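To find a chain, count down the sequence lines: A is the first, B the second, and so on, and within it residues start at 1. Hydrogens, waters and symmetry mates play no part in the numbers below; they use all other heavy atoms, side chains included. Everything quoted here is computed from the prediction, not taken from an experiment.
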2 protein chains.
Amino acid sequence: MKKREVPASVKDERLVKKRRNQMIKGAISLFKQKGFHQTTTREIARASGFSIGTLYEYIRKKEDVLYLVCDRIYDEVRDRMEQAIDTTQGDLDSLKLAIAYYFRVVDELQDEVLVMYQEAKSLGKESLPYVLNKELQMVAMFEHILRRCVDNGVFSLTEQEIQLFAHNIFVLGQMWGFRRWALKKMYTLDEYIQLQTKLLLEGLMKR
Amino acid sequence: MKKREVPASVKDERLVKKRRNQMIKGAISLFKQKGFHQTTTREIARASGFSIGTLYEYIRKKEDVLYLVCDRIYDEVRDRMEQAIDTTQGDLDSLKLAIAYYFRVVDELQDEVLVMYQEAKSLGKESLPYVLNKELQMVAMFEHILRRCVDNGVFSLTEQEIQLFAHNIFVLGQMWGFRRWALKKMYTLDEYIQLQTKLLLEGLMKR
DNA sequence: AAATGTTGAGCGAACGCTCGTTCAATGATG
DNA sequence: CATCATTGAACGAGCGTTCGCTCAACATTT
């Protein structure tokens with residue numbers, strides 16, 4: 001899937017990158033507070049440090065801002081994961097570490113994750129598949145680790161089970177972000193990681 | 001927590017109920033298609049079968065419609081659950097049945113559940129806590145079943161684990177609704193129920 | 001029972017405002 | 001001075017909300 005371009009007029013590459021970064025940074029902080037729909041293009045421009053006219057030199061439609069923001073957040077999460085997770089080992093500890101690390105990333109970027117989770121649906125038919133695909137890539141990272149474990153006989157799962165389990169890890173990580181209104185009253189992040197890891201690995205059956 | 005009222009002028013009780021029902025039905029079908037923000041009060045009125053003027057005889061602000069819709073959906077889900085789930089047994093089978101039944105309810109009402117999930121955040125500071133509380137009540141149904149199982153020695157969990165597990169069931173049920181773009185390609189509902197039940201109860205460890 | 005008054009649900013044109021978007025003018029650069 | 005970047009006033013479509021009006025149904029008077 002090719003990256004959807006958000007063309008502006010032909011300008012200096014460096015400047016475009018710089019302006020886009022200002023824009024993304026400003027927009028994220030606004031979307032965190034008020035959501036995409038309640039945020040005004042003028043507010044985005046002001047928060048980015050330039051005028052409404054300049055904003056429209058670097059995007060075509062307001063929705064382009066949302067696209068750029070979602071794109072950036074996914075990249076941020078994926079980069080952090082790739083940087084810290086070892087998908088080659090294939091033992092139980094590296095799975096546990098991957099889960100723990102992923103949950104910590106979600107915690108660190110909880111506002112950003114929340115923005116994406118709540119606003120991605122407002123993307124048009126063009127951009128949405130591209131963004132959803134990025135999500136599947138991240139799920140695939142967990143699938144990969146799980147598959148390696150199965151190969152090594154650490155536990156045994158069907159392919160169907162592997163994929164579902166990977167989705168579960170992904171969603172239960174996000175849950176720490178989008179249900180914090182309930183969860184933070186009950187657990188610290190460390191408790192959450194420890195408990196979820198236990199429940200994920202062992203289920204609830206007496207053994 | 002008392003039900004937040006959405007007062008209109010003093011009118012015949014029966015009629016108010018009837019109009020509200022028309023409104024909720026029309027609004028849900030619109031919100032499903034286009035979301036709350038993209039839906040116009042005029043469209044809501046038209047879909048409800050009356051005029052924009054009449055709409056405003058029964059609400060004060062557009063947001064009131066969203067509140068009524070969320071309220072209705074939660075009640076619908078809860079009613080179906082209460083009707084079918086036995087919280088008194090406290091054995092493994094009634095837990096499995098509760099999970100299966102809940103997942104089926106989410107499937108049946110997937111559009112409604114999706115609407116709530118995506119739009120509830122747009123509720124104001126007044127209504128949001130009331131709606132979130134309804135959600136906790138549903139989580140509490142699972143907690144109750146789990147607690148009874150623990151009492152009966154079916155399995156053993158700390159109170160912390162019970163609460164988290166209940167949240168997990170709740171969220172993984174909703175996951176079938178909000179990630180159907182990915183999940184429906186991989187599983188039928190029955191497969192999903194069966195696999196999730198297995199993973200929830202047994203985890204992934206070799207035994 | 002005819003004439004007259006009262007009620008209140010229903011209506012939709014009109015209002016005021018917000019917001020996304022444009023573009024002619026101005027500034028900066030080299 | 002030619003080129004590119006920036007600006008913000010202006011635009012106009014679209015929105016939520018209001019309010020004066022209509023009219024059938026019912027109540028009261030004659």
Side-chain angles (χ1 to χ4, degrees), chain A residues 6-27 29-31 33-70 119 122-127, chain B residues 5-27 30-31 33-70 119 122-127:
Chain A
V6 178
S9 29
V10 196
K11 299 213 174 169
D12 177 53
E13 187 91 0
R14 292 236 175 284
L15 186 56
V16 172
K17 277 232 164 70
K18 184 185 156 193
R19 291 282 182 246
R20 289 256 167 94
N21 281 336
Q22 292 176 271
M23 223 172 78
I24 290 168
K25 201 181 155 201
S29 109
L30 285 168
F31 292 173
Q33 296 166 44
K34 339 174 46 193
F36 173 68
H37 286 292
Q38 319 283 7
T39 301
T40 284
T41 48
R42 268 167 264 257
E43 289 175 312
I44 296 171
R46 195 170 340 117
S48 311
F50 40 73
S51 75
I52 179 65
T54 302
L55 179 69
Y56 274 88
E57 292 290 318
Y58 297 94
I59 58 165
R60 286 166 315 174
K61 310 189 271 79
K62 186 191 177 190
E63 194 198 298
D64 290 341
V65 182
L66 182 57
Y67 170 77
L68 289 170
V69 163
C70 287
E119 311 294 352
S122 303
L123 288 170
K125 301 269 175 272
E126 283 288 279
S127 331
Chain B
E5 290 298 331
V6 177
S9 28
V10 195
K11 301 218 174 166
D12 177 54
E13 187 91 358
R14 293 237 175 287
L15 187 55
V16 171
K17 279 232 165 72
K18 185 185 156 193
R19 290 282 179 251
R20 289 254 167 94
N21 281 337
Q22 293 177 271
M23 223 171 79
I24 290 168
K25 199 181 156 203
L30 285 168
F31 293 173
Q33 295 166 45
K34 339 172 49 194
F36 173 69
H37 286 293
Q38 319 281 10
T39 301
T40 284
T41 48
R42 268 168 265 260
E43 291 175 311
I44 295 171
R46 196 173 334 121
S48 312
F50 39 75
S51 75
I52 179 67
T54 302
L55 179 69
Y56 273 88
E57 294 288 325
Y58 297 94
I59 57 164
R60 287 166 314 176
K61 310 189 268 79
K62 184 190 179 193
E63 194 199 296
D64 290 340
V65 182
L66 182 57
Y67 169 77
L68 290 170
V69 163
C70 288
E119 311 295 351
S122 304
L123 287 169
K125 301 271 176 269
E126 284 287 280
S127 330

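- Using modelled atom types, one side-chain atom of B:Gln22 and one backbone atom of B:Ser48 make a donor-acceptor pair closer than 3.5 Å.
- At a threshold of 4.5 Å between non-hydrogen side-chain atoms, the residues B:Leu15 and B:Tyr58 count as touching.
- At whole-Å resolution of the value, CZ in A:Arg14 and C1' in D:dC4 are 18 Å apart.
- The nearest whole Å value for the distance from the NZ atom in A:Lys18 to the C1' atom in D:dA5 is 12 Å.
- Atom CZ of B:Phe50 and atom P of C:dG10 are 8 Å apart (whole Å).
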Take nucleotides 9-19 of chain D nucleotide by nucleotide from the 5' end and write B, S or -, depending on whether a protein heavy atom sits under 4.0 Å from the base, only from the sugar-phosphate, or from neither.
BB----BBBB-
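- As rounded to whole Å, 18 Å separates atom C1' of C:dC11 from atom CD1 of B:Ile44.
- Not a single donor-acceptor pair under 3.5 Å links the side chain of A:Thr54 to the backbone N or O of A:Phe50.
- A salt bridge does not link B:Arg19 to B:Glu57: none of the charged side-chain nitrogens sits closer than 4.0 Å to a carboxylate oxygen.
- Annotation: cation-pi geometry satisfied between B:Lys62 and B:Phe36 (NZ/CZ under 6.0 angstrom from ring centroid, within 45° of ring axis).
- Atom CZ of B:Arg19 and atom P of C:dG8 are 16 Å apart (whole Å).
- Within 6.0 Å of NZ in B:Lys18 there are 12 or fewer heavy atoms belonging to other residues, nucleotides or ligands.
- Taking atom CZ of A:Arg46 as the reference point, atom C1' of D:dG8 lies 13 Å away to the nearest angstrom.
- In this structure, A:Thr54 reaches the D:dT7 phosphate: one of its side-chain N or O atoms is under 4.0 Å from OP1 or OP2.
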